[in-house]
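Below is one structure, written out as structure tokens; comments come after it.
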Amino acid sequence: MSIREKQVPVITVDGPSGSGKGTICQLLARELGWELLDSGALYRLTALAARHHGVALEDVEALEVLAAHLDVQFRPADEGQEMQIVLEGEEVTHAIRNERVGEDASVIAALGPVRAALLNRQRDFARAPGLVADGRDMGTVVFPSAELKIYLDASAEERAQRRYKQLISKEPGASLDDILNDIKARDARDMNRVVAPLKPAPDAVRLDTTRMSIEAVLQAVLDEARHRGLR
Ligand code: DC
């Protein structure tokens, strides 16, 4: 564990796709004025870089090298704008969000050497006054001594509905059944992998967001932060 991790307060938010982590982490970081780590973006960026460089998803050594040397910049958002992500000089903020990149990222994320190569890069995000870390293993592996660990969950059906609503304006042919099947397959891969599987840390506060509004989830997390003297 780095000295930096010990000095800077960290709130980790883990959970499966569609549990609301991304939205909650953005709102939380803004509310607290803290840094934000979107760790899934690093796996997605490695997947995209692999495509750009023609690296096969089976080539673990080459993927490890790619992950270790990922040339990426996270450009902070202006008020009301989203953060820009630049990979090897190219703006890829939206490109990394497509389903195919997500699928590849899930495969790559099961590889121990890739996870190890991204570990210190993730810890380097811990900067004053604090860090909100969004991912799958933030509380279990990357920031095990975080001041507050949250685990968000929701039923697969609810998560598929949320994804469908996001997608349908961009992809009118999107199918709810396909999305549900993809979500279940990705859950299985993320939860059953040998290295850093998706699971709540023993000391995590667990929230089922199936029937909760975003505002209610944010409030619950802020209450937990207040109890711990983090705001
Ligand atoms: O949160 P996301 O959909 O952007 O994540 C993309 C993939 O990366 C997802 O399949 C899970 C994986 N991931 C991971 O294994 N560990 C993390 N800390 C973050 C994401």
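Atoms within each ligand, like the ligands themselves, are counted from 1 in listed order.
- Atoms of ligand 1 found under 4.0 Å from any heavy atom of Met138, numbered from 1 in the order shown, are 18 (N).
- The Asp190 neighbourhood of ligand 1 comprises atoms 9 (C), 10 (O), 11 (C), with distances under 4.0 Å to a heavy atom of that residue.
- The closest approach between a heavy atom of Glu103 and any atom of ligand 1 is not below 4.0 Å.
- Between Lys184 and Asp187, no side-chain nitrogen of the basic residue sits less than 4.0 Å from a carboxylate oxygen of the acidic one, so the salt-bridge criterion is not met.
- Under a 4.0 Å criterion applied to the non-hydrogen atoms of Arg186, ligand 1 contributes the atoms 10 (O).
- A donor-acceptor contact shorter than 3.5 Å is absent between the side chain of Asp14 and the backbone of Tyr151.
- Ranking the protein heavy atoms by distance from atom 7 (C) of ligand 1 puts Ala105 CB, 3.9 Å first.
- In this model, no donor atom of one side chain and acceptor atom of the other lie less than 3.5 Å apart for Arg136 and Ser106.
- Looking only at protein heavy atoms, the nearest one to atom 10 (O) of ligand 1 is Ser106 CB, 3.1 Å.
- When each atom of ligand 1 is checked for a heavy atom of Ala109 under 4.0 Å away, the hits are 12 (C), 15 (O).
- Judged by distance alone, the side chains of Glu88 and His53 do bring a donor and an acceptor atom under 3.5 Å apart.
- In summary, the side chains of Asp177 and Ser175 do not present any donor paired with an acceptor at a separation below 3.5 Å, with no hydrogens or angles considered.
- Considering backbone and side-chain atoms alike, Gln122 places every N or O at 3.5 Å or more from each N or O of ligand 1.
- Between Glu91 and Arg75 no salt bridge is recorded (no basic side-chain N to carboxylate O distance below 4.0 Å).
- Residue, atom and distance of the protein heavy atom nearest to atom 16 (N) of ligand 1 are Arg115 NH2, 2.9 Å.
- Under the 4.0 Å criterion applied to side-chain N and carboxylate O atoms, Lys199 and Asp137 are not assigned as salt-bridge partners.
- With ligand atoms numbered from 1 in the order given, ligand 1 contributes 1 (O) to contacts under 4.0 Å with heavy atoms of Lys21.
- Of the charged side-chain nitrogens involved, none lies within less than 4.0 Å of a carboxylate oxygen, so that Arg228 and Glu147 do not count as a salt-bridged pair.
- Atom 3 (O) of ligand 1 has its closest protein heavy atom at Arg44 NH2, 2.9 Å.
- Between Arg163 and Glu99 there is a salt bridge, since at least one side-chain N of the basic residue sits less than 4.0 Å from a carboxylate O of the acidic one.
- Under 4.0 Å is where a charged nitrogen must lie from a carboxylate oxygen, and between Glu103 and Arg189 at least one such pair does.
- Taking 4.0 Å as the cut-off between side-chain N and carboxylate O, Asp71 and Arg121 do not count as a salt-bridged pair.
- No part of Asp134 comes within 4.0 Å of ligand 1, judged by heavy-atom distances.
- Where the criterion is an N or O separation shorter than 3.5 Å, residue side chain and backbone included, Asp137 meets it with respect to ligand 1.
- Looking only at heavy atoms of the protein, atom 8 (O) of ligand 1 is closest to Tyr43 CB, 3.6 Å.
- Nearest protein heavy-atom contact of atom 19 (C) of ligand 1 is Ser39 OG, 3.4 Å.
- Taking atom 20 (C) of ligand 1 as the reference point, the nearest protein heavy-atom neighbour is Gly40 CA, 3.5 Å.
- Taking atom 1 (O) of ligand 1 as the reference point, the nearest protein heavy-atom neighbour is Arg136 NH1, 2.8 Å.
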